[in-house]
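Since the structure comes first, as structure tokens, the remarks are kept for the end.
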Amino acid sequence: MKYNLIRDLYENKEAYSEKEVTISGWIRTIRDSNKFGFIEINDGTSFKGIQVVYDDSLENFSDIGKYPVATAIVVKGKFVLTPESKQPFEIKATSISLEAPSDSKYPLQKKRHTLEYLRTIAHLRPRSNTFAAVFRVRSLASYAVHKFFQEKGFVNVHTPIITASDAEGAGEMFKVTTLDLLDIPRDDRKEVDFTKDFFEKPASLTVSGQLEGEIFALAFRNIYTFGPTFRAENSNTPRHAAEFWMIEPEIAFADIKDDMDLAEEMIKYLIRFVLDNAPQEMEFFNSFIDKGLKDRLEGILKSDFERVTYTEAIRLLKESEKEFEYPVEWGSDLQTEHERYLTEMVFKKPVFVTDYPKDIKAFYMRLNEDEKTVAAMDLLVPGVGEIIGGSQREERLEVLKEKMLKNGLKEEDYWWYLELRKYGGVKHAGFGLGFERLIMYLTGMSNIRDVIPFPRTVGNAEF
RNA sequence: UCCUCAGUAGCUCAAUGGUGGAGCAACCGGCUGUUAACCGGUAGGUUGUUGGUUCGAGUCCAACCUGGGGAGCCA
């Protein structure tokens, strides 16, 4: 059976005018009176559904009025344009047949639900307007990420998800093991004997593909990774998840400025792409989720991201009249309240903060000439906060070794990372973009649990 | 992990320490163009759990559970 898809009807409505069409989909709402009724039907191909008008000339008229929400039906009828009405067109049904029944206990009512409630029915929430919009935008943004980098000639690297390098240093890791937890093998010193484990050493889920990404950047020049990342932190906020997706480009023969240019170009490309390719969804977010969303995103496209050094940011914060809960002081990390103030009050747009004190940043970030700061950059955006963290990497072998020593890292654990610096280890840079935080920024959704189909957070791995 | 707010019908919310209600959903009926349709009727409850104070607790107290917001960790 060939069905007409609602997406196609929207895109070619003039061509279908007065033509016979057959659609298949699920009932979203149904209203009837004694001689006719209306069905809003959605077939999954389009954010917006289509209204079906039916009357008592249909033999099963009285049954149709009793179909509960989510009933799957097949509708044959005439496609008519209705420029005078709220909806652009509708179908005058000549037959409606039942494809799969539903039940009146269906939990998604035709009313507004709280996002918290919808989270408890994650198996049904993709059928709601909000989540239909979120997850189609997520899909488009994912495609756009690949499209952006591929068009620029970047090579996509699948860095490992399981890692035995115990020292990526970006947070608590989930352990991967096949050992019997009820009967753990011990060695002479009563320690866990990992030689009996699957990898014969401790293994974990990755917290970042960056170090492996650097390997590929020094072979392919420009690369990116885009995959799942796992952090076992006990963090309970609307911006953190235990499993999330990260985009990590790495570029060779490039410095921190090139890195920021790339980040800015990418963010703008992604904004442009979803505005162009998900207009119905973006209109929905703008109306019901975040009133100023579209203007804000359009504004971003027209303006340059702000760029300030950490030292300059500290000065701006100190000069402000604002009372902060945490003191502003050169040498300590910016607090969330400071970041929000900078991006939301001072600049009112995305801002790169660069050149942080070396002591509060990772060992692999390149030491600046002043020997006090490193070539790091964070991109802060209004509403979401930190969305990107990146840096120029330390390419000087001796400097890197010294920093590892100070951080208590063993050279032998990083032998291959150090070796990269020996053989044509040119200057290079990269960053990590939290994909979910990007989706939050693009949609106006304020909780990360609502932009992941089945979110994993502390104490929650349902579905 | 810390701070804070909340938990009452399927959902969203009312209820001065004194007989737990409404809207929507459901069920029954009505209605010839609806748009979260409308109108009438019916049914629906161990007030998150456990303990305590009180003549009497949805309401006050304590602990716990679950959820929201804030902080830290970060993307």
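Chain letters run A, B, ... following the sequence lines, proteins first and then strands; every chain starts at 1. Since we're looking at a predicted model, the values are computed, not measured.
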Between B/A14 and B/C28, how far apart are the P atoms? Round to whole Å, please. 32 Å
Residues which pass salt bridge (charged side-chain N to carboxylate O under 4.0 Å, His left out) with A/Glu248, listed by chain and number, not counting sequence neighbours: none
Whole-Å P distance, B/A63 and B/U1: 16 Å
Would A/Phe244 pass as stacked on B/A75, i.e. its ring centre under 5.5 Å from the base's six-membered ring centre and planes under 30° apart? yes
Only one of A/Phe149, A/Phe435, A/Phe148 passes ring-ring contact (aromatic ring centres under 6.0 Å, His included) with A/Tyr224, and that residue is A/Phe149
Within the 3.5 Å criterion, strictly below it, is a donor on A/Arg31 or A/Thr29 matched to an acceptor on the partner's side chain? yes
What are the residues of residues 127-144 of chain A, sorted by number, that bring a heavy atom to within less than 4.0 Å of RNA chain B? none
Which whole-number value in Å describes the distance from A/Asn234 CG to B/C74 P? 14 Å
So, is A/Thr237 close to the B/C74 phosphate, meaning a side-chain N or O under 4.0 Å from OP1 or OP2? no
Gap between atoms CG and P, on A/Asn236 and B/G67 respectively (whole Å): 8 Å
Which residues in residues 444-459 of chain A have at least one heavy atom lying under 4.0 Å from any atom of RNA chain B? A/Asn447, A/Ile448, A/Arg449
What is the distance, to the nearest angstrom, from the CD atom on A/Glu233 to the C1' atom on B/G72? 10 Å
Taking atom C1' of B/C73 as reference, at what distance in whole Å does atom CD1 of A/Ile360 sit? 14 Å
Mind checking if A/Thr114 touches a base, just sugar-phosphate, or nothing, with heavy atoms under 4.0 Å? sugar-phosphate
NZ of A/Lys406: more than 12 outside heavy atoms within 6.0 angstrom? no
Letter per nucleotide, 5' to 3', of nucleotides 31-36 of chain B [B base touched, S only sugar-phosphate touched, - untouched; heavy atoms, 4.0 Å]: BBBBBB
Which nucleotide in B/C27, B/G67, B/G68 has an atom nearest any side-chain atom of A/Arg119: B/G68
Donor-acceptor side-chain pairing of A/Asn129 and A/Arg28 below 3.5 angstrom: yes
Counting the atoms with a prime plus P, OP1 and OP2 as sugar-phosphate, which does A/Pro68 contact under 4.0 Å by heavy atoms, base, sugar-phosphate, or nothing? nothing
May I ask you to say what A/Tyr326 touches in the nucleic acid, namely base, sugar-phosphate or nothing, with a heavy-atom cut-off under 4.0 Å? sugar-phosphate
A/Leu433 has an atom CG; how far is it from atom C1' of B/C74, in whole Å? 13 Å
Look at the side chain of A/Gln109 and the base of B/G10, then say whether one donor and one acceptor between them are separated by less than 3.5 Å. yes
Residue mapping more 5' on RNA chain B - nearest nucleotide basis, A/Pro107 or A/Lys66: A/Pro107
B/C74 base / A/His240 side chain donor-acceptor hit below 3.5 Å: yes
Just checking, is any N or O donor in the side chain of A/Gln210 or A/Tyr364 under 3.5 Å from an acceptor N or O on the other one? yes
Donor-acceptor pairs under 3.5 Å, side chain of residues 63-81 of chain A to any protein atom, not counting sequence neighbours: which ones?
{"residue": "A/Thr71", "atom": "OG1", "partner": "A/Pro68", "partner atom": "O", "Å": "2.6"}
{"residue": "A/Lys78", "atom": "NZ", "partner": "A/Glu18", "partner atom": "OE1", "Å": "3.2"}

Pairs counted only when both distances fall under 3.5 Å, Watson-Crick or G-U: show me the 5' to 3' dot-bracket for RNA chain B, [ ] for pseudoknotted crossings and | for other-strand partners. (((((((..((((....[..)))).(((((.......))))).....(((((..]....))))))))))))....
Taking atom C1' in both B/G30 and B/U16, what distance in whole Å separates the two? 42 Å
C1' gap between B/G58 and B/A15, integer Å: 9 Å
Could you measure between the two P atoms, the one in B/U19 and the one in B/U59, and give it in whole Å? 14 Å
Could you state the CD-P distance from A/Gln335 to B/G70, rounded to the nearest angstrom? 15 Å
Check residues 321-336 of chain A and write down every donor-acceptor pair under 3.5 Å in which the side-chain atom is one partner and the other belongs to a residue at least two apart or another chain.
{"residue": "A/Trp330", "atom": "NE1", "partner": "A/Thr311", "partner atom": "OG1", "Å": "3.0"}
{"residue": "A/Ser332", "atom": "OG", "partner": "A/Glu329", "partner atom": "O", "Å": "3.0"}

With sequence neighbours left out, the residues meeting salt bridge (charged side-chain N to carboxylate O under 4.0 Å, His left out) with A/Glu116 are none
Under the ring pair (Phe, Tyr, Trp, His ring centres under 6.0 Å) test, residues paired with A/Phe220 that sit two or more places apart: A/Phe216
Looking across every strand, which nucleic acid part, if any, lies under 4.0 Å from A/Ser235 by heavy atom: base, sugar-phosphate, or nothing? base
Taking the P atom in each of B/C27 and B/G10, what is the distance between them to the nearest angstrom? 16 Å
Distance check, P atoms only: B/A36 and B/C74, in whole angstrom units. 46 Å
Counting only pairs under 3.5 Å, give me each side-chain donor-acceptor contact of residues 351-360 of chain A, with atom names and distances, residues two or more places apart or in other chains.
{"residue": "A/Thr354", "atom": "OG1", "partner": "A/Val308", "partner atom": "O", "Å": "3.4"}
{"residue": "A/Asp355", "atom": "OD1", "partner": "A/Asn368", "partner atom": "ND2", "Å": "2.8"}
{"residue": "A/Tyr356", "atom": "OH", "partner": "A/Asp378", "partner atom": "OD2", "Å": "3.4"}
{"residue": "A/Lys358", "atom": "NZ", "partner": "A/Glu371", "partner atom": "O", "Å": "3.3"}

Given A/Phe285, A/Phe284, A/Tyr10, A/Phe135, the one that forms ring-ring contact (aromatic ring centres under 6.0 Å, His included) with A/Phe47: A/Phe284
Once you round it to whole Å, what is the distance between P of B/G44 and NZ of A/Lys105? 15 Å
By side-chain hydrogen bond (donor to acceptor under 3.5 Å, both in side chains), which residues pair with A/Lys257, not counting sequence neighbours? A/Asp261
Expressed in angstrom and rounded to an integer, what is the separation of A/Tyr441 atom OH from B/A75 atom P? 19 Å
Per the side chain to side chain contact (heavy atoms under 4.5 Å, CB included) rule, which among A/Val384, A/Ile439, A/Val134 passes with A/Met445? A/Val134
Has the side chain of A/Arg239 got a donor or acceptor that lies under 3.5 Å from a partner of the other kind on the base of B/A75? no
Between B/A43 and B/G21, how far apart are the C1' atoms? Round to whole Å, please. 15 Å
Checking side chain to side chain contact (heavy atoms under 4.5 Å, CB included) for the pair A/Phe273/A/Val145: CA distance, chi angles, key distance, verdict? CA-CA 10 Å; A/Phe273 191 87; A/Val145 165; over 6 Å; no
A/Lys318: what forms a salt bridge (charged side-chain N to carboxylate O under 4.0 Å, His left out) with it, not counting sequence neighbours? none
Just to be sure I understand the rule, does A/Leu438 reach a base, reach only the sugar-phosphate, or reach nothing, if contact means heavy atoms closer than 4.0 Å? nothing
